[in-house]
Protein chains: 2
Amino acid sequence: MKQEKVLYQDFLQSKNLKLTKPRLIIMEAVLENHDHFNVDDLYEQIKMKHKDVSRATIYRTIPLLIESGLVKQSLRCESKDIYEHTYGHENHLHFICTNCGKILESSFNEVEKLINQLAKNENFKISEYNLGASGLCKDCKK
Amino acid sequence: MKQEKVLYQDFLQSKNLKLTKPRLIIMEAVLENHDHFNVDDLYEQIKMKHKDVSRATIYRTIPLLIESGLVKQSLRCESKDIYEHTYGHENHLHFICTNCGKILESSFNEVEKLINQLAKNENFKISEYNLGASGLCKDCKK
DNA sequence: ATGCATTTGAGATTCATTCTCAATAAAGTT
DNA sequence: AACTTTATTGAGAATGAATCTCAAATGCAT
């Protein structure tokens with residue numbers, strides 16, 4: 001998406017950060033992901049395309065992607081931090097299968113309304129939702 | 001609470017695990033916590049009472065406490081796993097302040113109902129909820 | 001008490017993440 | 001286009017939470 005690139009560029013500019021090749025490569029890799037990924041996923045994905053960026057730079061760039069609103073941190077998996085590409089992707093609930101690791105996503109609107117109300121009662125300003133449940137998916141239930 | 005101790009003992013017995021002194025000490029420390037704690041918190045808490053258990057044993061014992069239903073894993077904080085004493089404590093939502101680190105808890109019933117319905121639609125069997133949002137608490141909003 | 005299997009403690013190990021620092025690249029200036 | 005300044009990068013070292021190892025200690029049935 002063009003729009004995301006612009007958003008990212010504007011963000012970098014507003015912070016006096018340079019639009020470097022590694023930062024672009026990493027952003028592009030993220031845009032290709034329409035679900036969850038971790039640092040190693042990005043690293044492999046970038047290598048696959050014969051580009052090259054160090055892991056250190058990926059680790060350094062993720063906070064920028066988060067601040068610019070393209071990405072958010074998600075649940076952890078296999079003791080690694082995982083992230084999701086959020087811009088242009090609706091918020092959703094995660095149902096994580098503890099048996100096979102699959103992540104189902106479910107709609108969010110009603111839950112969001114309810115949570116917003118609760119937050120209002122507490123006078124709390126939500127900036128990010130983190131909603132899910134773990135258990136067994138339909139295949140593993142049997 | 002007596003009941004939790006019994007539950008724990010029964011669990012250990014059912015798995016042919018021994019009821020050792022360290023396992024009791026750790027359980028007692030957990031029972032004293034009515035909110036969130038990490039491994040170091042438990043370690044310090046135990047030392048304070050002039051008892052002694054190694055960190056390794058705490059790490060080994062937590063999965064037992066989780067399996068027996070006294071404790072559940074919660075969000076992470078400062079890159080440490082954190083846990084909460086759940087037995088006899090209602091489920092709740094967490095509102096985590098990204099500025100001061102405070103954790104507010106809010107009621108849960110309606111959200112639970114809604115999520116249960118969504119899980120049912122996906123044919124997913126929930127074993128544990130993980131519900132929260134991060135943002136700014138009323139003091140940090142200003 | 002005795003014997004056997006389990007558990008413990010201490011320290012070593014692992015592995016994701018962060019840090020360090022010399023080398024490199026971006027972007028503005030002439 | 002070459003020069004300057006300052007931010008950024010890559011490689012490897014460092015950190016630190018969590019896990020593992022193994023000899024010594026403990027629980028528990030007999």
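Here is how names work: the chains are called A, B, and so on, in the same order as the sequence lines, proteins then strands, and each is numbered from 1. No hydrogens, no waters, no symmetry mates; every other heavy atom, side chains included, goes into these values.
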Original post:
Rounded to the nearest Å, what distance is computed from the OH atom of residue B:Tyr43 to the P atom of nucleotide C:dA10?
Top reply: 8 Å
Subject >> B:Cys137 vs A:Phe124 side-chain heavy atoms within contact, under 4.5 Å >> reply: yes
**OP:** Please tell me which of B:Gln13 and B:Arg76 maps to the more 5' nucleotide of DNA chain D, matching each residue to the nucleotide holding its nearest heavy atom.
**Re:** B:Arg76
Original post:
Under 4.0 Å between a side-chain N/O of A:Ser79 and OP1 or OP2 of C:dA16, yes or no?
Top reply: no
**OP:** Calculate the interatomic distance between B:Leu17 atom CG and C:dA5 atom P; express it in whole Å.
**Re:** 16 Å
Original post:
For residues A:Asn33 and A:Gln45, is any side-chain donor paired with an opposing acceptor at under 3.5 Å?
Top reply: yes
Original post:
Over how many whole Å does the gap from B:Tyr59 atom OH to D:dA17 atom P extend?
Top reply: 7 Å
**OP:** Using whole Å, report how far CD1 of B:Ile82 lies from P of D:dG16.
**Re:** 19 Å
Subject >> Backbone N/O of A:Val39 and side chain of A:Arg55: donor-acceptor pair under 3.5 Å >> reply: no
Original post:
A:Lys80 near the nucleic acid: base, sugar-phosphate alone, or nothing, with a heavy-atom cut-off under 4.0 Å?
Top reply: sugar-phosphate
Subject >> Under 3.5 Å donor-acceptor pair, A:Arg55 side-chain atoms to D:dG12 base atoms >> reply: no
**OP:** Under 4.0 Å between any heavy atoms, over every strand shown, what does A:Asn38 touch: base, sugar-phosphate, or nothing? Just pick one.
**Re:** nothing
Original post:
Is the phosphate of D:dT9, meaning OP1 or OP2, less than 4.0 Å from a side-chain N or O of A:Thr20?
Top reply: yes
Original post:
Just wondering, do A:Gln3 and A:Val6 contact through their side chains at under 4.5 Å, heavy atoms?
Top reply: no
Subject >> Length of the line joining B:Lys18:NZ and D:dA29:P, which is rounded to integer Å >> reply: 9 Å
Subject >> Sidechain-backbone polar pair: A:Asp10 side chain, A:Leu7 backbone, donor-acceptor under 3.5 Å >> reply: no
Original post:
The side chain of A:Lys21 lies closest to which of these nucleotides: C:dA26, D:dA17, C:dT6?
Top reply: C:dA26
**OP:** Could you tell me whether the side chains of A:Glu105 and A:His89 share a donor-acceptor contact shorter than 3.5 Å?
**Re:** no
Original post:
Under a single-linkage definition using a 4.5 Å side-chain heavy-atom cutoff for Ile, Leu, Val, Met, Phe, Trp and Tyr, are A:Ile96 and B:Ile115 assigned to the same hydrophobic cluster?
Top reply: no
Original post:
Whole Å only: how far is the CG atom of A:Leu64 from the P atom of D:dA7?
Top reply: 15 Å
Subject >> Nearest-Å distance for atom pair CG/P, residues A:Leu24 and D:dT9 >> reply: 11 Å
**OP:** In plain terms, say whether B:Glu28 and B:Lys49 are close enough for a salt bridge, that is, a side-chain N and a carboxylate O under 4.0 Å apart.
**Re:** no
**OP:** Please tell me which of the listed nucleotides, C:dT8, C:dT17, D:dA11, lies nearest to the side chain of B:Pro22?
**Re:** C:dT8
Original post:
If you find the nucleotide of DNA chain D closest to B:Leu19 and the one closest to B:Asp40, which residue's nucleotide is nearer the 5' end?
Top reply: B:Asp40
Original post:
Per the end-axis method with five pairs at each terminus, what is the bend angle of the helix from C:dA1-D:dT30 to C:dT30-D:dA1, to 10°?
Top reply: 30°
Subject >> Whole-Å gap separating C1' (D:dT9) and CD1 (A:Ile26) >> reply: 10 Å
Original post:
When all nucleic acid strands are considered with a 4.0 Å heavy-atom cut-off, which category describes A:Arg23: base, sugar-phosphate, or nothing?
Top reply: sugar-phosphate
